[in-house]
Student: 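Have a look at this one before I ask anything.
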Amino acid sequence: MRKILLSLAVLVAATACRPAPAPQAAAGARPRVALVMKSLANDFFATMAQGATHHQAEHAADYELLVSGIKNETDLNEQVNLVEQAVAQGAAAIVIAPADSKALVPALKRAQDRGVVIVNIDNRLDAEVVRQAGLTAAFVGPDNREGARRVGLALAAKLTAGDEVAIIEGVTTAYNGQQRRAGFEDAMQAAGLKIVAVQSGAWEMDKANGVAANLLSAHPGLKALLCANDNMAIGAAAAVAAAGRSRAVLVAGFDDIAAIRPLLADGRVLATADQHADLLAVSGIELALQALKDGKPGADRATTVDLVTR
Amino acid sequence: MRIRVGRASDLLVLLVVWGGLLLLFGQLSTGFLSAASFGSVANRIPALLLTATGMTLLMVTGGIDLSVGSLLGLCGAVVGVAMADWGWGLPAAMALSLGVGVALGGVSGLISVKLRLPSFIVTLGMLEVARGLAFLATESQTKYIGPAIEGIGTPIAGWIVSPAFLLALAAVALGQAALSYTVFGRHLIAVGANSEAAAISGIAVDRPRLWAHAVLGALTGLAAVVNCSRLGSADPNAGVGFELSVIAAVVVGGTSLLGGRGSVARSLLGVLIIATLEAGLVQMGASEPVKRVVTGLVIVTAVLADNWRRGR
């Protein structure tokens, strides 16, 4: 037992020593840019990573790229770990697609306090929390609400006023999910359709499949399922087929991932939105590099969202 | 009846494995053996460490609690609502979190101990209950708390470790001392090794089990505060899959799933080994699938090695 306590003491001593100064890139060396994403199991972020890797290969002399992502979309702690680790690795800038609009702010603020430039992509950080925490982060991303509204209108064109529809939203705590839900709602309202249920599929295929199956049995008159991302749309389309209601229930998604294309082609999914994931990360990186060069944070940039149907 | 408490040699083996990982990653990746990198590992583990301490005590009795991840989410949600919506101070919110942890851990314990139901099943039910309550409490929204809670998880000025890390180390030391030196600890082991023999020798076998559930609940409540502190917010999704990380760390530390054998100090090394492995793989730029495969293999290898050494 004495040995155990002794090793504990050694451990404390080893870790509690004075910190080294924050690692900074040596003058003249290429700056390190860390791209911190959400789940790399999601095609959307995999595409984003590919776009970034290609860009870096073409601009190898300008910067060094660290790419990381988390296991599942709700693992905020892991994403905070990645932010801290990027700082520990001496990243000059962090380009992040935050898994939560509020909870990542303190970790990013800590990184900024150590001189790291923060660029927020994809999912916008909560403006009020950002202000309270005193964080400065430019946002590069699509107008999710407008994109979702256009997907919703494309779907509404196939229905008649008064038809019943349901929304499968993303993780309820994420801003982009909230915006897409709002965009769907805008379109449904404009077309006079009736939203009978809004439930979360937590961005995941499997979860959305279960949610969709329940919605289908609870609402026999349901005419459409609007899903806040393509993963969930695939899950929902499978549930529609399993319920024997293909064609009777329309499905819409968001993101235009590769896996959705066959479903778009044969009509199992009617519409989705392409927010050009590959360009999204690249825009964020370019903004970060510019900010490093200028020594001041850049302005927000809006990226394009295109409606995709068959 | 033979009681086996953590031998120093078992601890040494784990220390060697951990040291080996540090050296390996130090070779493979520049800057891994830096104070900043140590700090990043030390400050990511306190919640895991606190919960693993409680889980070790419970697993020594032969019990298990699968609801700790959800309970972490619920206790955090309660802290978030108390501080962000009701304007409570940190001490009061912390007390509330501990209370909720003890209450739910205690309920699982009571049902499983008094009604003789496997704790595996009872806490599987509690996993769903606690997660549902976490969403209800927060209306499925993240609660931003801000600097009022961030102090616990932020490194102390001039140090590289946070108060949360020191708190977790204190819990490990206390947990190990309780297990090795107190009657309570002996009873935990005796009940886990052979419940009938323990009963015959006059131990009220229900009590240590019940206490172990409640203590784990309390430590999970504390871990929730630490977790909120790291995020500056309460996230109702917090801790999904957390129970598996906790159990993996405890098992890598050589605590038996069947009870009767375990050590909190070795669970600490289990936590360090897994955290170092994850940090090292990220630093090397390993992809997410590779990270998961390697971590899984290490867990299985650790248990195999432990079995082999004991089987000799």
Side-chain angles (χ1 to χ4, degrees), chain A residues 1-5 7-8 10-12 14-23 39-41 49 66-78 80-82 84-90 99-107 109-110 126 128-129 132-133 171-174 178 200 202, chain B residues 5-6 8 11-12 15 31 34-44 47 135 140-144 146-147 150 154-155 158-161 165-166 169 172-173 176-177 180-181 227 230-241 263 265 268 272 278-279 282-283 285 287-289 291-292:
Chain A
M1 187 61 208
R2 187 166 290 164
K3 280 185 189 165
I4 295 175
L5 290 179
S7 1
L8 276 179
V10 170
L11 188 73
V12 175
T15 46
C17 55
R18 304 202 130 253
S39 171
L40 291 179
L66 309 166
V67 177
S68 58
I70 53 183
K71 270 199 269 275
N72 66 52
E73 305 255 337
T74 53
D75 198 350
L76 305 188
N77 245 312
E78 178 63 14
V80 171
N81 291 343
L82 294 174
E84 289 181 354
Q85 202 159 350
V87 176
Q89 281 178 273
D100 184 279
S101 309
K102 296 175 184 167
L104 264 297
V105 172
K109 169 68 178 153
R110 287 196 292 274
D126 186 280
E128 176 58 22
V129 172
Q132 273 184 43
V171 168
T172 52
T173 48
Q178 293 160 1
S200 171
Chain B
V5 192
L11 193 67
L12 205 64
L15 270 173
S34 68
S37 164
F38 270 114
S40 130
V41 171
N43 294 323
R44 75 166 62 177
F135 284 121
S140 304
Q141 297 296 318
T142 303
K143 299 276 177 195
Y144 177 72
E150 282 170 42
T154 314
W159 290 42
I160 59 170
V161 295
F165 179 70
L166 301 178
L169 278 191
V172 168
Q176 183 63 53
S180 303
Y181 296 131
N227 193 49
R230 246 174 96 63
L231 301 169
S233 321
D235 165 30
N237 294 305
V240 174
S263 144
L268 161 67
L272 285 173
E278 287 185 348
V282 169
Q283 195 122 341
S287 70
E288 180 59 38
K291 263 163 62 190
R292 299 185 77 160

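Reckoned from all heavy atoms, side chains included, excluding hydrogens, waters and symmetry mates. Below, read A as the first sequence line, B as the second, and so on, with proteins coming before strands; counting in each chain starts at 1.
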Student: Please classify the contact of E128(A) with chain B as side chain, backbone, both or neither, using a heavy-atom distance under 4.5 Å.
Tutor: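 For E128(A), there is no contact with chain B at all, as no heavy atom is under 4.5 Å.
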Student: How long is the straight-line distance from CG of D100(A) back to CG of L231(B), given to the nearest 0.5 Å?
Tutor: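 Here the rounded value is 8.0 Å.
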Student: About how many Å separate CG of L82(A) and CZ of R44(B), when rounded to the nearest 0.5 Å?
Tutor: 7.0 Å
Student: Which answer fits V171(A), side chain, backbone, both or neither, if we ask what part of it has an atom under 4.5 Å from a heavy atom of chain B?
Tutor: side chain
Student: Just how far is it from atom CG of N237(B) to atom CG of L76(A), taken to the nearest 0.5 Å?
Tutor: 7.0 Å
Student: With K291(B), which residues qualify under salt bridge (Lys or Arg N to Asp or Glu O under 4.0 Å), at least two apart?
Tutor: E78(A), E288(B)
Student: To the nearest 0.5 Å, what is the distance between OG1 (T142(B)) and CG (D126(A))?
Tutor: 9.5 Å
Student: For Y144(B), does its backbone N or O pair with a side-chain atom of K102(A) as donor and acceptor, under 3.5 Å?
Tutor: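 Checking the backbone N and O of Y144(B) against the side chain of K102(A), no donor-acceptor pair under 3.5 Å is found.
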Student: Heavy-atom cut-off 4.5 Å, strictly under: side chain, backbone, both or neither for I70(A) against chain B?
Tutor: backbone
Student: Rounded at 0.5 Å granularity, tell me how far CD in E278(B) sits from CD in Q85(A).
Tutor: 10.0 Å
Student: Based on non-hydrogen pairs under 4.5 Å, which of L104(A), V67(A), V80(A) is most in contact with chain B?
Tutor: V80(A)
Student: Locate the shortest heavy-atom distance separating S140(B) from T172(A); write the atom from each residue and the value.
Tutor: O-OG1, 2.7 Å
Student: Is it the backbone or the side chain of E150(B) that comes under 4.5 Å from a heavy atom of chain A, or both, or neither?
Tutor: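 Contact with chain A is through the side chain of E150(B) alone.
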Student: Restricting to non-hydrogen atoms, name the atom on G232(B) and the atom on P106(A) that form the minimum distance, rounded to 0.1 Å.
Tutor: CA-CG, 3.7 Å
Student: Might you point out which heavy atoms bring A103(A) and S233(B) nearest each other, and give the distance in Å?
Tutor: CA-OG, 3.2 Å
Student: Using non-hydrogen atoms only, which part of A279(B) is less than 4.5 Å away from chain A: side chain, backbone, both, or neither?
Tutor: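 For A279(B), the contact with chain A is made by backbone and side chain together.
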Student: For R110(A), which residues count as a salt bridge (Lys or Arg N to Asp or Glu O under 4.0 Å) partner, sequence neighbours excluded?
Tutor: E84(A)
Student: With only heavy atoms counted, which part of P236(B) is less than 4.5 Å from chain A, the side chain, the backbone, both or neither?
Tutor: side chain
Student: Considering only heavy atoms, which portion of L66(A) lies under 4.5 Å from any heavy atom of chain B: side chain, backbone, both, or neither?
Tutor: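 L66(A) has no heavy atom closer than 4.5 Å to chain B.
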Student: If I measure from the heavy atoms of chain B, does D75(A) come under 4.5 Å with its side chain, its backbone, both, or neither?
Tutor: neither
Student: Pick whichever of D235(B), V41(B), V240(B) has the most heavy-atom pairs under 4.5 Å with chain A.
Tutor: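 Among the listed options, the one with the most contacts to chain A is D235(B).
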